[in-house]
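Read through the structure below, which is laid out as structure tokens, and then see the notes.
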There are 4 protein chains.
Amino acid sequence: MSERATTTTQGSRTRGALLRAGRRVLERKGLHKARISDITKEADVSVGTFYLHFENKDDLFRQLLITVEDEVYGELVPAEPGSVDPAQRIRETNRLYLTAFKRNAAFWTCVEAAALEQPDVPGVLAERNRYYRSRTERAIARWQAAGQVAPEVDPATAAFLLGAMTERLAYLWYVFGHREDVDQATEDLTRLWLNYLGLD
Amino acid sequence: MSERATTTTQGSRTRGALLRAGRRVLERKGLHKARISDITKEADVSVGTFYLHFENKDDLFRQLLITVEDEVYGELVPAEPGSVDPAQRIRETNRLYLTAFKRNAAFWTCVEAAALEQPDVPGVLAERNRYYRSRTERAIARWQAAGQVAPEVDPATAAFLLGAMTERLAYLWYVFGHREDVDQATEDLTRLWLNYLGLD
Amino acid sequence: MSERATTTTQGSRTRGALLRAGRRVLERKGLHKARISDITKEADVSVGTFYLHFENKDDLFRQLLITVEDEVYGELVPAEPGSVDPAQRIRETNRLYLTAFKRNAAFWTCVEAAALEQPDVPGVLAERNRYYRSRTERAIARWQAAGQVAPEVDPATAAFLLGAMTERLAYLWYVFGHREDVDQATEDLTRLWLNYLGLD
Amino acid sequence: MSERATTTTQGSRTRGALLRAGRRVLERKGLHKARISDITKEADVSVGTFYLHFENKDDLFRQLLITVEDEVYGELVPAEPGSVDPAQRIRETNRLYLTAFKRNAAFWTCVEAAALEQPDVPGVLAERNRYYRSRTERAIARWQAAGQVAPEVDPATAAFLLGAMTERLAYLWYVFGHREDVDQATEDLTRLWLNYLGLD
DNA sequence: TATGAATGAGGGTTCATTCAT
DNA sequence: GATGAATGAACCCTCATTCAT
């Protein structure tokens with residue numbers, strides 16, 4: 001991690017410009033074809049300035065990843081648990097996820113690419129996955145306790161499978177497939193969850 | 001396609017050596033970090049020889065992709081349709097798929113990475129997907145006709161979702177997760193299918 | 001034209017060093033055998049620096065050509081027209097041309113070679129030729145009007161032929177023939193002009 | 001010079017095919033861009049065969065040069081000296097030269113390029129030039145003796161200048177200028193000779 | 001003689017990174 | 001902090017030449 005100066009107001013403004021420019025360039029050209037000079041040109045600063053704020057391209061990417069992740073997953077704020085019925089909760093969360101994913105699909109392509117090559121990226125993603133998986137797991141357990149989900153379902157396995165599938169479908173639809181709608185996608189995805197959990 | 005010749009026995013032997021070496025190197029270093037010289041060193045030939053058989057690294061990769069795909073999917077030979085019960089059929093196919101995928105997991109990492117950058121790779125993958133999807137679709141329709149699967153299931157959607165999930169799980173388990181067993185994985189995956197289709 | 005920047009003083013100093021080094025190397029080794037690395041070594045900069053200022057060897061050559069052309073032809077500044085007698089005028093211009101050509105003979109070898117291969121070089125040369133040809137043509141017409149040159153001479157044809165011959169002789173003498181003197185060469189060449197024009 | 005075997009009938013047939021192919025390729029691609037493999041492909045033999053008959057590309061070129069020179073200059077067979085009037089003789093020779101040059105213009109481009117780079121090519125050309133120059137020189141001397149050419153003309157200088165000019169004009173017209181006619185070109189060139197020699 | 005796969009030195013070009021201003 | 005010219009290791013690719021068949 002870079003622990004550079006940039007304590008000045010001007011400094012953090014430049015840093016922000018580089019992050020935004022970095023994201024735009026990465027989305028446009030991909031992780032490998034994006035050159036440092038592309039990013040600095042887009043940010044309207046000199047190459048040297050880049051190294052004042054980041055160690056290298058990977059460093060920029062890692063910091064960008066954290067930023068974007070917060071943006072994507074920060075929106076999946078759970079409503080009052082138990083206050084609504086399971087199907088509704090699942091549908092809502094799926095819609096939020098797909099909406100956020102779609103908005104960041106281009107960047108996500110880079111994330112996938114990076115995850116395949118950079119040793120620490122999978123870790124970052126896995127950590128986040130773990131969090132959401134456990135959230136799902138607890139919800140399923142709750143529904144089981146309430147008799148809404150069959151007892152033979154293993155909450156941990158279910159959470160893993162459903163999470164994987166959600167992720168993959170979002171990826172197929174919005175990264176590869178250029179799907180545009182969110183409503184029908186949410187329905188398709190939700191039906192899958194309900195089916196698997198034996199809900200409704 | 002490369003217009004390179006090498007019609008002799010010796011020629012195709014060298015070509016084979018390069019393909020095998022290429023695969024090993026790609027699995028070890030990834031598509032981007034693999035150097036042509038790495039591959040030729042591994043194959044014990046000179047750099048020039050590489051260009052006698054392939055146009056460039058992408059060309060080698062493409063030819064390799066075809067070869068490996070045949071290897072992975074060629075094994076999913078369907079048993080006599082209808083001769084066995086659906087659950088058994090699904091379980092068998094899943095086991096074959098996971099087994100083949102696991103054996104080629106390292107190479108598949110490259111494929112996924114390439115799909116994100118090379119414009120034609122997604123097409124190659126999609127074409128194959130289409131084939132297997134339609135096979136699944138027809139099987140589901142058959143089971144519906146036989147009253148084994150509920151009529152409200154849409155075969156096309158089901159085939160798409162199940163295929164995506166199978167792919168993603170194999171990926172998470174064997175590429176990222178370093179899962180080792182096939183038996184339990186087959187059970188988990190199959191349960192998902194059966195659940196979704198309302199079988200058993 | 002190269003879109004490379006280098007707006008600083010240091011930048012243009014390096015660019016100048018590369019142009020001078022390029023000329024020396026081209027004269028010594030010829031356009032084909034000159035390596036980029038030869039030029040950067042001669043200019044005492046690194047290879048990368050070359051590409052900061054030029055697109056490639058041809059680009060350097062083209063820019064050099066313009067510079068040297070200006071040097072060679074810039075000296076053929078006409079004295080007061082009509083103020084001297086034709087023979088004297090022709091003799092003076094020929095001397096200036098031969099002197100300048102001789103000083104740049106080595107580089108001219110490259111120019112001739114390049115003209116045979118690079119599609120745009122002939123154009124550059126032809127443009128300049130046109131200019132000097134028209135200058136000669138007007139002078140001849142003036143002398144005809146003054147009754148100094150026979151009326152049956154066609155000024156355009158004469159200008160073309162005399163120009164071609166002057167060029168070729170300079171080439172044969174100083175590029176191939178290693179002739180050293182300028183005085184006698186000027187006399188020989190001038191005699192040819194006078195004879196052809198029926199002057200003296 | 002290569003002194004290879006090729007005593008067989010088949011051998012010299014292959015050699016001939018390579019020479020013809022070499023000429024075609026050189027004319028099409030130029031001296032530098034022509035690759036050995038281009039030539040062997042055109043001749044429909046393998047690369048190895050090339051080295052059975054020639055040492056390298058330069059060797060092929062040199063042998064080709066001799067062949068083509070013979071073809072071009074072999075046609076300038078002088079008619080009975082003195083049997084015709086000088087103007088007629090000059091006109092005829094010029095026509096023959098321009099005709100032959102035009103037919104070989106494409107190859108001549110290569111010759112010029114080679115002359116600028118290969119150390120021995122200028123020698124080959126100079127030798128031939130010397131021969132034709134001395135032929136011209138003797139003709140001029142003869143015409144002087146017959147009182148047809150002014151005694152103050154120096155036959156050696158005149159032969160040199162006229163030869164150079166003829167060569168250059170042919171080059172400008174047919175290599176660079178894409179001139180097509182021969183009749184008018186012959187007239188222009190001949191007028192130059194007659195003027196210079198004070199004939200007619 | 002003829003073949004054509006194999007060789008590998010050699011050259012062009014890129015681009016992350018540095019550092020003097 | 002900011003600049004951008006300079007650096008040079010690294011990599012791709014070509015093609016003349018060889019040699020086993």
Side-chain angles (χ1 to χ4, degrees), chain A residues 4-15 33-41 44-58, chain B residues 4-15 32-38 40 44-57, chain C residues 4-15 32-38 40 44-57, chain D residues 4-15 33-41 44-58:
Chain A
R4 307 317 182 86
T6 67
T7 44
T8 327
T9 316
Q10 170 59 23
S12 68
R13 195 175 302 141
T14 306
R15 199 188 118 93
K33 287 180 187 158
R35 287 165 301 162
I36 302 284
S37 63
D38 291 330
I39 297 169
T40 55
K41 235 172 259 160
D44 216 42
V45 297
S46 74
V47 252
T49 302
F50 180 90
Y51 290 91
L52 240 39
H53 296 279
F54 305 97
E55 254 172 30
N56 47 40
K57 195 162 61 172
D58 286 355
Chain B
R4 328 268 147 171
T6 61
T7 47
T8 50
T9 318
Q10 173 58 26
S12 65
R13 194 175 303 141
T14 305
R15 197 191 123 93
H32 276 95
K33 288 182 185 155
R35 304 292 148 214
I36 304 282
S37 60
D38 292 332
T40 54
D44 213 41
V45 296
S46 73
V47 242
T49 301
F50 180 90
Y51 292 94
L52 218 53
H53 297 278
F54 306 98
E55 256 170 32
N56 48 39
K57 198 164 56 172
Chain C
R4 328 267 149 173
T6 63
T7 46
T8 51
T9 318
Q10 173 58 24
S12 65
R13 194 175 303 142
T14 305
R15 198 190 122 94
H32 276 95
K33 288 180 186 157
R35 305 292 150 217
I36 304 280
S37 60
D38 292 333
T40 54
D44 213 43
V45 296
S46 72
V47 244
T49 301
F50 180 90
Y51 291 94
L52 218 52
H53 296 277
F54 306 98
E55 256 170 32
N56 47 40
K57 199 163 55 173
Chain D
R4 308 318 182 85
T6 68
T7 43
T8 327
T9 316
Q10 171 59 24
S12 67
R13 193 176 300 140
T14 305
R15 200 189 116 93
K33 288 180 186 158
R35 286 166 301 162
I36 302 284
S37 63
D38 291 330
I39 297 169
T40 54
K41 234 171 259 159
D44 217 42
V45 297
S46 74
V47 251
T49 302
F50 181 91
Y51 290 92
L52 240 39
H53 297 278
F54 305 97
E55 255 171 28
N56 47 39
K57 196 162 62 172
D58 287 354

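A note on names: the letters A, B, ... follow the listed sequences, proteins ahead of strands, and every chain is numbered from 1. Bear in mind that the values here come from a model prediction, so they are computed numbers and not experimental data.
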Send over the distance from [X] [atom1] to [N] [atom2], rounded to a whole Å.
X	N	atom1	atom2	answer
B/K33	F/dA9	NZ	P	21 Å
B/L52	E/dA6	CG	P	6 Å
C/I36	F/dG8	CD1	C1'	15 Å
D/R15	E/dA2	CZ	C1'	17 Å
D/I39	F/dC15	CD1	C1'	12 Å
D/D38	F/dT14	CG	C1'	12 Å
D/F50	E/dT3	CZ	C1'	16 Å
C/H32	F/dC15	NE2	P	12 Å

Nearest 0.5 Å, what's the [atom1]-[atom2] distance between [X] and [Y]?
X	Y	atom1	atom2	answer
C/K57	C/R35	NZ	CZ	5.0 Å
D/T40	D/H53	OG1	NE2	12.0 Å
A/D44	A/T14	CG	OG1	10.5 Å

Of all the nucleotides listed ([options]), which has the minimum atom distance to the side chain of [X]?
X	options	answer
D/Y51	F/dT17, E/dG12, F/dC13	F/dT17
C/V47	F/dA9, F/dG4, F/dC11	F/dA9
A/S46	F/dT3, E/dG4, F/dA6	F/dT3

Check your understanding: Taking for each residue the nucleotide of DNA chain F bearing the nearest heavy atom, is the 5' side occupied by B/A34 or by C/D44?
Key -> C/D44

Check your understanding: Mapping B/N56 and D/K57 to their closest nucleotides on DNA chain F, which lands nearer the 5' end?
Key -> B/N56

Practice item. Establish, with yes or no, whether the OP1 or OP2 oxygen of F/dA5 is under 4.0 angstrom from a side-chain nitrogen or oxygen of C/H53. Key: no

Check your understanding: For C/R35 and E/dG10, is the shortest distance between a side-chain N/O and OP1 or OP2 below 4.0 Å?
Key -> no

Practice item. Could you say whether B/Q10 or D/T14 is positioned toward the 5' end of DNA chain E, judged by the nucleotide with the nearest heavy atom to each? Key: D/T14

Point to revise | Duplex segments of DNA chain F, taken as runs of at least three Watson-Crick or G-U pairs that stay under 3.5 Å | key: E:2-21 with F:2-21

Practice item. For D/D58, check side-chain contact (heavy atoms from CB on, under 4.5 Å) against everything at least two apart and list the hits. Key: D/N56, D/R62, D/Q118

Check your understanding: Which part of the nucleic acid, if any, lies within reach of C/T49 when heavy atoms closer than 4.0 Å are counted: base, sugar-phosphate only, or nothing?
Key -> base

